[in-house]
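One-based numbering along the sequence shown. All figures in this text were calculated on a predicted structure; none of them were measured in a lab. Order of appearance sets the numbers: ligands from 1, and atoms from 1 within every ligand.
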Amino acid sequence: MALDIESFDILLPAIQRFVLERLVPAENYLEEHDEVPADIIEDMKEMGLFGLTVPEEYGGIGLSVSQEVLVNYELGRTAAAFRSVFGTNIGIGSQGILMDGTPEQKAEYLPRVASGELIMSFALTEPDAGTDAASLKTRAVLEGDHYVLNGTKRYITNAPRAGAFTLMARTGGPGAGGVSSFIVPANSPGLKLGKNDKKMGQRGTKTCDVILEDVRVPAANIIGGVPGQGFKTAMRVLDRGRLNISAVSCGLASRIIDESRRYARERRQFGKAIGEFQLIQAMLADSQAELLAGWSLVKDVAHRFDAKPAHASDPDISMRVSCAKLFATEMVGRVADRGVQVHGGAGYINEYPVERFYRDARLLRLYEGTTQVQQLIIGRELLRAD
Ligand SMILES: Cc1cc2nc3c(=O)[nH]c(=O)nc-3n(C[C@H](O)[C@H](O)[C@H](O)COP(=O)(O)OP(=O)(O)OC[C@H]3O[C@@H](n4cnc5c(N)ncnc54)[C@H](O)[C@@H]3O)c2cc1C
């Protein structure tokens, strides 16, 4: 699946312009109001951003992974909240249906996802099951032709905006094999949302608990129709998601470097621009070299992702995705830190973008699997018997 080259050559510059002309100027509004302006969300729908990864047959644009990382790099060059509006839709919220859903599930949900009519979120994490997601406790008990769900999901991105959740619950015994993925409509009786979480950064993104009390979901809402496959679905979804977080990290790093070099040219000390001091140049150079290394890695893994057989899970690709997420998210943390340093005291002041990006970047090392989980995946694959 890929968008034809001519169309993609029009789409990518259009997204670059949208970021530069619409999103960057709205960053101050976002920071102040903690909301993405409604007219920007409408523009996003019109541009087809909600359907970037949904195949054309379901009304989307159908980007390949290699194309998707290029788009996410551009979207990474502004505040994270803008991408977050549709990011779960084209990413972890709906990919489970796309990868493993039945033809009926795809036909019912994907067109509404692509148009932006339906926002989907991904609900795996729980109060007692984060990194150890396979130990999740939310139970789904079969009663006739429905499952009854009870449990709490934590830190769910876009939950306050969601019309439906890809939600993992336990239908069987302990461990990964007892987990199924469900499509759970947000208006199901018994489903409640907690208060919006107050976060360190990423103003404008919304996360909260999703609480399930005797929520009845048709058995037909198990993704793929077969119980016990949900953990595999979740991990496949996260492989693609993690690569996109890596691309966003690279885009963010490039924006921070741009902000820093602009400041280095303007700010004067000791009678000259601080960019003339080699210690400042060293910080910029380290950031640039690390960015280019990370971005090369992300693009390489994306090409390999596209080359593998459709919907097959591949431990070598998962290992490479983890290398990309580990490197790119740690890299942007260092780049953000240097960005603040180049700005001196101004880097600590909220009106400068680097202060916000420093906080935004911190999340990238935590969600969709912490750095330590990526290390465990890489280590496990390296030590696997040949
Ligand atoms: C803003 C935000 C948005 C999020 N959005 C979503 C979402 O949309 N959907 C969703 O399902 N989840 C979401 N999450 C949850 C996120 O994926 C988890 O927070 C993350 O996976 C870590 O889980 P935890 O917070 O329970 O940390 P823990 O698992 O408690 O980890 C704490 C520390 O222990 C380390 N650790 C744990 N196990 C090991 C081990 N075996 N070896 C070495 N170190 C280990 C971790 O790396 C970490 O440093 C979001 C989180 C945040 C903060």
Side-chain angles (χ1 to χ4, degrees), residues 34 79-96 119-138 149 151-170 175-176 179-184 186 191 193-212 223 230-231 233-242 244-246 248-249 252 321-322 325-326 329-330 333 356 359-380 383:
D34 199 14
F82 295 122
R83 177 181 166 272
S84 180
V85 171
F86 56 88
T88 56
N89 245 33
I90 58 171
I92 55 177
S94 69
Q95 285 288 316
I119 304 285
M120 289 200 72
S121 284
F122 177 84
L124 176 64
T125 305
E126 298 182 356
D128 295 326
T131 302
D132 186 12
S135 72
L136 62 82
K137 291 183 182 149
T138 295
L149 275 65
T152 298
K153 295 292 175 180
R154 179 133 297 171
Y155 310 139
I156 304 307
T157 302
N158 262 345
R161 299 181 176 120
F165 298 91
T166 294
L167 187 143
M168 274 50 72
R170 189 164 299 287
V179 175
S180 300
S181 287
F182 288 87
I183 304 165
V184 182
L191 189 151
L193 299 181
K195 281 191 301 199
N196 280 350
D197 297 316
K198 291 183 181 164
K199 304 186 302 309
M200 176 192 289
Q202 303 216 355
R203 296 268 295 166
T205 61
K206 306 288 172 192
T207 67
C208 68
D209 280 3
V210 177
I211 303 145
L212 305 131
I223 293 181
F231 198 74
T233 298
M235 291 305 114
R236 277 223 289 278
V237 166
L238 284 175
D239 263 357
R240 188 162 174 164
R242 286 168 179 165
N244 281 303
I245 298 287
S246 312
V248 166
S249 301
L252 181 56
V321 166
S322 289
K325 182 165 193 282
L326 166 66
T329 60
E330 292 283 338
R356 302 169 199 169
R359 289 182 283 111
D360 285 2
R362 192 63 187 85
L363 180 60
L364 300 166
R365 283 185 262 168
L366 298 170
Y367 69 176
E368 298 199 21
T370 61
T371 289
Q372 288 69 36
V373 170
Q374 311 314 323
Q375 289 170 321
L376 294 178
I377 294 170
I378 298 163
R380 189 181 60 206
L383 296 171

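Among protein residues, Phe122, Ala123, Leu124, Thr125, Gly130, Thr131, Tyr155, Ile156, Thr157, Lys199, Thr207, Leu363, Leu366, Tyr367, Glu368, Thr370, Gln372, Leu376 come within 4.0 Å of ligand 1, judged on heavy atoms.
When only modelled atom types and interatomic distance are considered, Asp197 and Thr207 share a side-chain donor-acceptor pair under 3.5 Å. Residues Lys199 and Thr205 bring a donor and an acceptor atom of their side chains to less than 3.5 Å of each other. Of the N and O atoms on the side chains of Thr371 and Glu330, at least one donor lies less than 3.5 Å from an acceptor on the other residue.
Residues passing the ring-ring contact (aromatic ring centres under 6.0 Å, His included) test with Phe122, sequence neighbours excluded: none. Annotation: ring-ring contact (aromatic ring centres under 6.0 Å, His included) contacts of Phe182 (sequence neighbours excluded): Tyr147. Considering only residues two or more places apart in sequence or on other chains, Arg161 meets the salt bridge (Lys or Arg N to Asp or Glu O under 4.0 Å) condition with none of them.
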